[in-house]
J.: 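Take a look at the following structure, please.
Side chains included, hydrogens not; waters and symmetry mates left out as well; all remaining heavy atoms used.
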Amino acid sequence: MEATRVIAVRHGETAWNVDTRLQGQLDIALNEIGLWQADQVARALEEEQIGAIYASDLSRAWQTAQAIAGPRGIDVGAEPGLRERAFGLFEGRTFADIDANLPDQARLWRTRDPEFAPEGGESLLAFRDRVTATASGLAALHPGELVVLVAHGGVMDVLYRAATGQELQAPRTWHLGNAAINRLLWTPQGFTLVGWGDVGHLNTGPLDEATA
């Protein structure tokens, strides 16, 4: 089977990114900067021969994907399996609030305990399995083609770890910038890394991407 080229894009900025407020699976739209970032991603990819575009069905990812797809006349495939990790009772809280008011759970979250799940949320293990299965399944549909996956910071983190062999509990040393362009290859053996964290397309104006 021919390899599938994958471009994975994190959604543009939201007001909750700026506030360091955990979004999880709450449906938060892009802010003004995020909409600009989505347009810049679309411009950066305009010469790419894209075979298909899939996105999380949450608004921030969906809006970003639509910006990429619109000029091409491509329909975006809505894929709930690309949603951000479900954080249950953490969702809607700022990082500082979680640390201050849920210290025991915050410690498990911060230390990346793979089996810990906030009440009503997903563990890292369950999240990883969901994302890798979804992304692999979509890539397998398009051998020899280029596929764009638009999703969330947590999804990008899972894909990076899958492509580089990083363990779930390994400290993160790579960037997960809003609207960054990340490139991978997929074969039935899994993902490999081609390029990561390209934000050159966001340096054309006064607006900076958020990495929160």
J.: In this structure, would L22 and L89 fall into the same cluster of hydrophobic residues linked by side-chain contacts under 4.5 Å?
T.: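 Same cluster.
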J.: Mind checking whether R128 and V158 have side chains closer than 4.5 Å, heavy atoms only?
T.: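 Yes, at least one pair of side-chain atoms sits under 4.5 Å.
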J.: Should the heavy atoms of other residues, nucleotides or ligands under 6.0 Å from CZ of R172 be counted, would the total exceed 12?
T.: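 Yes, CZ of R172 has more than 12 neighbouring heavy atoms, counting only those of other groups under 6.0 Å.
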J.: Under 3.5 Å, is there a donor on one side chain and an acceptor on the other for T134 and E79?
T.: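 No pair is found: no donor N or O on one side chain lies under 3.5 Å from an acceptor on the other.
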J.: To the nearest 0.5 Å, what is the distance between CD1 on I68 and CD1 on I181?
T.: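 Separation between the atoms: 7.5 Å.
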J.: Could you pull out the closest heavy-atom pair between F90 and A106, with the gap in Å?
T.: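 It is CZ-N, 4.4 Å.
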J.: Between D157 and R85, is the closest basic N to carboxylate O distance under 4.0 Å?
T.: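 Salt bridge between R85 and D157, a charged N being under 4.0 Å from a carboxylate O: no.
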J.: Please check if atom CD in E115 has more than 12 non-hydrogen atoms from other residues, nucleotides or ligands closer than 6.0 Å.
T.: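 Result for CD/E115: open.
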J.: Decide whether L138 and L184 are clustered together by the hydrophobic rule: side chain heavy atoms of Ile, Leu, Val, Met, Phe, Trp, Tyr closer than 4.5 Å, transitively.
T.: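 Yes.
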J.: Looking at CZ of R72 and CD1 of I53, how far apart are the two atoms once the value is rounded to the nearest 0.5 Å?
T.: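 Those atoms lie 6.0 Å apart.
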J.: Salt bridge check: are R60 and E84 linked by an N-O gap of less than 4.0 Å?
T.: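 No.
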J.: So which heavy atom on T64 is nearest to which on R10, and how close?
T.: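 Answer, listing the atom of T64 first, then R10: CG2-O, 4.4 Å.
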J.: Consider only side-chain heavy atoms of I, L, V, M, F, W and Y, link residues closer than 4.5 Å, and tell whether L176 and V150 are in one cluster.
T.: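 They do not share one cluster, since no chain of ILVMFWY contacts under 4.5 Å joins L176 to V150.
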J.: Measure the spacing between CZ of R93 and CG of L102 and express it to the nearest 0.5 Å.
T.: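 The CG atom of L102 is 4.5 Å from CZ of R93, to the nearest 0.5 Å.
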J.: Does L30 belong to the same Ile/Leu/Val/Met/Phe/Trp/Tyr cluster as L202, with side-chain heavy atoms less than 4.5 Å apart forming each link?
T.: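 L30 and L202: separate clusters.
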J.: Do Q63 and L35 come within less than 4.5 Å of each other through their side chains, counting heavy atoms only?
T.: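 Yes; the side chains approach each other to less than 4.5 Å.
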J.: Verify the cluster assignment for V147 and V9: are they in a single hydrophobic cluster under the rule of side-chain heavy atoms below 4.5 Å apart?
T.: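 Looking at the clustering, V9 is in a separate group from V147.
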J.: State the CD1-CD1 distance between I74 and I50, to the nearest 0.5 angstrom.
T.: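 Nearest 0.5 Å value for the CD1-CD1 distance: 6.0 Å.
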J.: Quick one: are H152 and L58 in side-chain contact, heavy atoms under 4.5 Å?
T.: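 Contact flag for H152/L58 side chains = yes.
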J.: Check whether any side-chain N or O of T4 sits under 3.5 Å from a backbone N or O of A140 as a donor-acceptor pair, and report yes or no.
T.: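 Absent.
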J.: Got a second to check how far E13's CD is from I33's CD1, nearest 0.5 Å?
T.: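 It comes to 4.5 Å.
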J.: Can you confirm whether F116 sits close enough to L124 that some side-chain heavy atom of one is under 4.5 Å from a side-chain heavy atom of the other?
T.: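 No - every pair of side-chain heavy atoms lies 4.5 Å or more apart.
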J.: Roughly how far, to the nearest 0.5 Å, is the CD atom of Q49 from the CG atom of L146?
T.: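 It is 9.0 Å, given to the nearest 0.5 Å.
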J.: So, do F127 and V155 sit near enough that their side-chain heavy atoms are less than 4.5 Å apart?
T.: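 Of all side-chain heavy-atom pairs linking V155 with F127, at least one is under 4.5 Å.
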J.: I want to check something: taking the side chain as every heavy atom from C-beta on, are L185 and R5 in contact at a cut-off of under 4.5 Å?
T.: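 SC-SC contact between L185 and R5 confirmed.
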J.: Answer yes or no: is there a side-chain heavy-atom contact under 4.5 Å between N182 and L159?
T.: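 The answer is no, as the side chains (C-beta and beyond) never meet within the 4.5 Å cut-off.
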J.: Would you say the side-chain atoms of E2 pair up with the backbone N or O of P143, donor to acceptor, closer than 3.5 Å?
T.: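 Not at all, since once roles are kept as given, no pair shorter than 3.5 Å links the two residues.
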J.: Output yes when a side-chain donor or acceptor of W196 lies under 3.5 Å from a complementary backbone atom of H175, and no otherwise.
T.: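 Indeed, once roles are kept as given, a pair shorter than 3.5 Å links the two residues.
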J.: Taking all non-hydrogen atoms of both residues, which atom of L149 and which atom of M156 are closest, and how far apart?
T.: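 Scanning both residues, the minimum pair turns out to be O-CE, 4.4 Å.
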J.: I'd like to check the salt bridge (Lys or Arg N to Asp or Glu O under 4.0 Å) partners of R130; sequence neighbours left out, ordered by chain and number.
T.: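 Here the qualifying residues are E122.
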J.: Please report the shortest heavy-atom distance between L82 and S56, naming the atom on each side.
T.: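 Here L82 and S56 meet closest at O-CB, 3.5 Å.
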J.: Give me the ring orientation class for F87 and W109: parallel if the planes are under 30° apart, tilted from 30 to 60°, perpendicular past 60°.
T.: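 It falls in the perpendicular class, over 60°.
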J.: Can a donor-acceptor pair be found, under 3.5 Å and without considering hydrogens, that links the side chain of E91 to the backbone of Q25?
T.: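 Confirmed, E91 side chain pairs with Q25 backbone.
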J.: Please confirm whether the backbone N or O of P171 pairs with a side-chain atom of R112, one donor and one acceptor, at under 3.5 Å?
T.: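 No, because the side chain of R112 does not come within donor-acceptor range (under 3.5 Å) of the backbone of P171.
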J.: Using atom types as modelled and distance alone, determine if a side-chain donor or acceptor of N17 lies under 3.5 Å from a backbone N or O of T14.
T.: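 Flag set: sc N17 to bb T14 pair under 3.5 Å.
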J.: Taking the side chain as every heavy atom from C-beta outward, state whether Y54 and L141 have any atom pair closer than 4.5 Å.
T.: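 They are in contact (side-chain heavy atoms under 4.5 Å apart), so the answer is yes.
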J.: Can you name the nearest heavy-atom pair linking S123 to A117, along with the distance?
T.: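 Smallest interatomic distance, heavy atoms only, reads N-CB, 3.5 Å.
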J.: For R183, is there an ion pair with D198 - N to carboxylate O distance below 4.0 angstrom?
T.: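 Not counted as a salt bridge, because no side-chain N and carboxylate O are separated by less than 4.0 Å.
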J.: Between R43 (side chain only) and H201 (backbone N and O only), is there a donor and an acceptor less than 3.5 Å apart?
T.: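 Side chain of R43 to backbone of H201, a donor-acceptor pair under 3.5 Å: no, none is there.
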J.: Using every non-hydrogen atom in the two residues, find where A179 and Q37 come nearest and quote the distance to one decimal.
T.: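 A179 and Q37 have their closest heavy atoms at CB-CB, 3.7 Å.
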